[in-house]
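For the numbers below, each heavy atom of this structure counts, side chains included, while hydrogens, waters and symmetry mates do not. In what follows, every chain begins at residue 1, and chains take the letters A, B, ... in the order their sequences are listed.
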Amino acid sequence: MPELPEVETIRQGIKQKLKDKKIKSVEVKVPKLFIGSVNDIIGAKIVDAKRVAKILEIVLDNGHSILIHLKMTGQLIYKDDYSQAVGGHSQKVYDADPPHAYTHIIYQFSDGSHLYFNDFRKFGWNMIIESSKVKEILGPDKFGPEPGQSGFSEGYLKNIFAKSGKAIKLVLMDQQKIGGVGNIYANDALYWAGILPTRSAKTLSDVEISKLKTTIEKVINLGLKYGGSSENTYVNIEGKKGHYMEVTAVYQKNKDPKGHIVKRIKIGGRGTFYCDICQK
DNA sequence: CTATCTGTTCTGAC
DNA sequence: TGTCAGAACAGATA
């Protein structure tokens, strides 16, 4: 489900809700989605929540971390005695209060609260790993700089674009080159920058690269402000929907903000939305 | 009923 | 080594 803003919204929720909680037990209903040993985290306390691109790291006080990738349709829902986790999920399969048929992993804390990992398509995963080894999976050789970070500079973009003859949209979504940008935000950023998603990355002018850098950061920040998107299954840790979809420019729209017809094609097998009047 | 769609990313074939 | 279709999965939609 999520791209950078969605995962970041969840990270903030985890940090706020789960800090200092002690893991009492873990129930793994679908072993395939859980990598590592439950025994490594039982009794450990949660001290921090971090994020690299679209992957969450829950840091424990015993030298281990839980890495979580939600892929297309994963959810993390926190529930305690005082909160009911059902938000207005638009996806019918998630209407029930967890745990339900699509709850695959349940973390129970010593105060009786729970964290539920739901994923009806089972693409996502949880991984227990030594915190010192996290960089082997999430290191800078695996994930490029993220919008908002200092490494995400005009010079850097110029460099990676010049080396790629691929469609600019594919480069934006390449996690090794740029961290955290997925389909929704790539479509919107290109729209606001007035650049066709099919353009070869190396044909972008300096002015276009500068503009694109700005619009990528703009849509990511807008996503953060609106608490993520919620077209299908996205909900934050309390089960509430985000609102970014209310302000997307072209993603899954018929008309752009100016009333032009939005064209729809496929790039790299992904739905691609653009306006051939506004984007050149 | 059939075909095609879905916010991700990994693998295997060439 | 780069690129690309297909895979992993399950449902919604037309």
Separation of the P atoms in B/dT4 and C/dA5, to the nearest angstrom: 15 Å
Sugar-phosphate only, base, or nothing, as touched by A/K266 at under 4.0 Å among non-hydrogen atoms: sugar-phosphate
A/D276-A/Y274 side chain donor-acceptor pair, cut-off 3.5 Å: no
Under 4.0 angstrom between A/K122 side-chain N/O and C/dA10 OP1 or OP2: yes
Any A/R264 side-chain nitrogen or oxygen under 4.0 Å from OP1 or OP2 of B/dT4: no
A/Q12 side chain to A/E8 side chain, donor-acceptor N/O pair below 3.5 angstrom: yes
Distance, P atom - from C/dT1 to B/dT9, rounded to whole angstrom: 23 Å
Base B/dT6 to side chain A/R121, donor-acceptor N/O within 3.5 Å cut-off: yes
B/dC1 versus C/dA8 - spacing of their C1' atoms, nearest Å: 25 Å
Face-to-face contact A/F123 to C/dA8 six-ring, under 5.5 Å, under 30°: yes
Exercise: do A/T103 and A/N118 side chains pair donor with acceptor under 3.5 Å: yes
Integer-rounded Å distance: B/dT6 C1' and A/I265 CD1: 17 Å
Sugar-phosphate, base or nothing in reach of A/G271, heavy atoms under 4.0 Å: sugar-phosphate
Over all atoms of both residues, closest heavy-atom pair of A/M173 and A/A186: CG-CB, 3.8 Å
Spacing of the P atoms in B/dG12 and C/dC9 (rounded, Å): 15 Å
Nearest listed nucleotide, side chain of A/H69, among B/dT8, C/dT3, C/dA10: B/dT8
C/dC9 phosphate, OP1 or OP2, under 4.0 Å from A/K32 side-chain N/O: yes
Pair partner, C/dC9 [Watson-Crick or wobble, under 3.5 Å]: none
Single-linkage hydrophobic cluster, 4.5 Å side-chain cutoff, A/L60 and A/L138 together: no
